[in-house]
J.: 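Please find one structure pasted underneath; my questions will follow.
All values reported here derive from a predicted model rather than from experimental measurement.
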Amino acid sequence: MKRLLLIYVGCILMVFAVPAIIGANGFLADNIKNELQQQSILPEEISVFFSEEGVVQQVNFEEYVKGVVAAEMPASFEKEALKAQAVAARTYAYYKIKQFEDAPPITMHPHADAPICTEPT
C-alpha cells in the first residue's frame with residue numbers, strides 16, 4: 001500500500017511539479033532554448049551567388065530561408081505547410097553547404113565562391 005502511494009505521489013509530482021519548475025518565470029525554459037541555439041549546426045550567414053548581378057553576398061541564414069519559402073509558396077498556404085517548406089529549405093541549404101565544403105569548388109560548382117545560387121534551375 002505504501003509503495004502504491006509513493007508511486008502515485010511520484011507520478012503527480014512528475015506531471016505537475018516538474019513542468020511548473022521548468023516553466024517558472026521562463027528562466028529554465030530560456031536557458032534550454034539558448035543552449036539549443038548555441039548547439040545549432042546551421043551558420044549565422046550563408047554565401048549566396050546572385051546570378052542576375054553576378055555577385056556573391058553574405059546573407060543571414062534565416063533571412064535566406066524566409067526568401068526561399070516566399071518564393072516557393074504563397075503566404076496564404078496553411079501555416080504547417082509553410083513550416084514544412086522552411087524545414088526543407090534549411091535542410092537543402094545545409095546539404096549544399098556540406099557538399100560545397102567537401103568538394104573542390106572548381107569541379108562541382110559553376111559559382112565557385114558560394115554553395116547557394118539564386119538561379120532556379
J.: Roughly how far apart are E63 CD and E45 CD, rounded to 0.5 Å?
T.: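 Nearest 0.5 Å value for the CD-CD distance: 11.0 Å.
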J.: In terms of hydrophobic clustering (I, L, V, M, F, W, Y; side-chain heavy atoms under 4.5 Å; direct or indirect links), are F61 and V87 co-clustered?
T.: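 As far as the 4.5 Å side-chain criterion goes, V87 and F61 are not connected within one cluster.
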J.: Working to the nearest 0.5 Å, report the span between OH of Y92 and CD1 of I116.
T.: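 Here the rounded value is 6.5 Å.
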J.: Identify the two heavy atoms, one from I46 and one from P115, that lie closest to each other, and give their separation to 0.1 Å.
T.: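 Between these two residues, the closest heavy atoms are CG1-CG, 4.4 Å.
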J.: For the residue pair A75 and L82, what are the closest heavy atoms and their distance?
T.: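 Where A75 meets L82 most closely, the heavy atoms are O-CD1, 3.8 Å.
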J.: Please check if the side chain of S51 supplies one atom and the backbone of T118 the other of a donor-acceptor pair under 3.5 Å.
T.: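 No.
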J.: Which atom pair, heavy atoms only, marks the closest approach of I97 to P43?
T.: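 Heavy atoms only, the tightest pair is CD1-CG, 3.8 Å.
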J.: Between F77 and V65, is there shared hydrophobic-cluster membership here, with clusters defined by ILVMFWY side-chain heavy atoms closer than 4.5 Å?
T.: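 In one cluster: yes.
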J.: Do the side chains of E78 and K83 get close enough for a salt bridge, i.e. N-O under 4.0 angstrom?
T.: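 Salt bridge: no.
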J.: Please name the pair of heavy atoms, one in V56 and one in A114, separated by the smallest distance, quoted to 0.1 Å.
T.: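 In terms of heavy atoms, the two residues are closest at CG1-CB, 3.9 Å.
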J.: With sequence neighbours left out, what residues match V68 under side chain to side chain contact (heavy atoms under 4.5 Å, CB included)?
T.: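 Scan of V68 (side chain to side chain contact (heavy atoms under 4.5 Å, CB included), adjacent residues dropped) gives Y64, E72, A89.
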J.: Are any non-hydrogen side-chain atoms of S47 and F49 less than 4.5 angstrom apart?
T.: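 Answer no - side chains too far apart.
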